[in-house]
Protein chains: 2
Amino acid sequence: LIFETAQDAEQAFYRAFATADFGLLKSVWASRDIACVHPGGAMILDTRAVLESWNGILSAQGPSNLKVEVMYRLTQQGQAIHLVRESFGNGPGDDAGAVIATNVYKKDADGWHMYLHHASGAPVPAHHPQRPMSVH
Amino acid sequence: LIFETAQDAEQAFYRAFATADFGLLKSVWASRDIACVHPGGAMILDTRAVLESWNGILSAQGPSNLKVEVMYRLTQQGQAIHLVRESFGNGPGDDAGAVIATNVYKKDADGWHMYLHHASGAPVPAHHPQRPMSVH
């Protein structure tokens, strides 16, 4: 599979996530120099460990009703940064599973690949119990 | 102030953060097309709102014993992505305040500026109480 644009790579990434297709998801990631942070998780900088973490997530979660909205884009020759909102809710107002992710794509000799995925939990709406805040 | 490299901009950003110098921190951010996510927070895409959020953080927090380690870099002509570990702890093993941040810098006509800052709480070490995990 060759992804001709960052958008193509991103669409494949989220199709793979929604359908729990690890083979497809793996084909989106670059083979080296990648980084991943899951919500509340540590930095994963080793390619094999990144892929294993995704294999675990897809196996545990299975197919999901994932909706994705790209809220921000920054692009420079051969490198694209997208900030997206991933929503796992099943109905209106059900934002309990919303996640914010920064995705970085880069153009290699064989098309565009994902290099970085940094995800964090979006705030729970006011009618849900609040989660504790971290410092910053 | 002109930042000649992404590193210069990043050093100024964290010096400003550690010393609660809002004027310096503001000079690191680009004046438009920026995005910011604080730990557990929502996406902030409006320049004024990003700066106000930082003014609030610096006012509330004051000077801090901040240590920063760059763990990952991805650079392409005029655009740099850094994944850093920010530590607010005061002693060895005190990681209660550790944060992981993705920082994106871009070269403009007047030097390098920060365009995106996405921060999330790092996992609490095993000897601390666990925080709840989000989906993903």
Side-chain angles (χ1 to χ4, degrees), chain A residues 17 30 33-45 53-54 57 60-61 64 69 71-86 88-89 96-104 106-107 115-125 129-136, chain B residues 17 30 33-45 53-54 57 60-61 64 69 71-86 88-89 96-107 115-125 130-136:
Chain A
F17 198 169
D33 299 331
I34 65 177
C36 184
V37 182
H38 296 294
M43 263 179 226
I44 313 177
L45 299 175
S53 75
W54 279 102
I57 287 166
Q61 185 165 302
S64 59
E69 252 183 302
M71 307 297 288
Y72 171 88
R73 284 187 175 86
L74 193 68
T75 303
Q76 188 92 342
Q77 294 166 329
Q79 194 168 267
I81 295 128
H82 295 178
L83 190 56
V84 309
R85 184 178 171 84
E86 308 170 354
F88 296 83
V99 164
I100 295 167
T102 295
N103 294 324
V104 176
K106 199 171 160 179
K107 189 174 194 286
Y115 276 77
L116 180 140
H117 174 79
H118 182 171
S120 61
V124 176
Q130 287 291 323
R131 275 181 291 190
M133 294 286 290
S134 311
V135 298
H136 213 191
Chain B
F17 197 169
D33 299 331
I34 64 178
C36 185
V37 182
H38 296 294
M43 265 179 224
I44 313 177
L45 299 175
S53 75
W54 280 102
I57 288 166
Q61 184 165 304
S64 59
E69 253 183 302
M71 307 298 287
Y72 171 88
R73 284 187 176 86
L74 194 68
T75 303
Q76 189 92 342
Q77 294 165 330
Q79 192 169 268
I81 296 127
H82 295 177
L83 190 57
V84 308
R85 184 179 171 84
E86 308 170 354
F88 296 83
V99 164
I100 294 167
T102 295
N103 294 324
V104 176
Y105 305 90
K106 200 170 160 178
K107 189 174 193 286
Y115 276 77
L116 180 141
H117 174 79
H118 182 171
S120 62
V124 176
Q130 286 291 322
R131 275 181 291 190
M133 294 286 290
S134 311
V135 298
H136 212 192

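Chain letters run A, B, ... following the sequence lines, proteins first, then strands; residues in each count from 1.
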Query raised in the report: Of all residues at least two apart in sequence or in a different chain, which pass the side chain to side chain contact (heavy atoms under 4.5 Å, CB included) check with A:Lys106?
Result: A:Gln79, A:Tyr115, B:Leu74, B:Gln76
Report summary line: d(B:Ile81 CD1, A:Leu116 CG) to nearest 0.5 Å is 7.5 Å
Requested in this report: Identify the two heavy atoms, one from B:Asp33 and one from A:Tyr72, that lie closest to each other, and give their separation to 0.1 Å.
Outcome: O-OH, 2.7 Å
Query - chain B contact via A:Leu45 - side chain, backbone, both or neither, heavy atoms under 4.5 Å - result: side chain
Query raised in the report: Could you walk me through whether A:Val37 and B:Leu83 pass the side chain to side chain contact (heavy atoms under 4.5 Å, CB included) check?
Result: CA-CA 10 Å; A:Val37 182; B:Leu83 190 57; 4.3 Å; yes
Query - Nearest heavy-atom neighbours spanning B:Ser120 and A:His118 - result: OG-NE2, 2.8 Å
**Report entry** Partners passing side chain to side chain contact (heavy atoms under 4.5 Å, CB included) against A:Glu69 (at least two apart in sequence or in another chain)
**Finding:** A:Met71, A:Arg85
**Report entry** Exercise: identify the closest heavy-atom pair between A:Ala42 and B:Pro123
**Finding:** N-CG, 3.3 Å
Query - chain B contact via A:Ser53 - side chain, backbone, both or neither, heavy atoms under 4.5 Å - result: neither
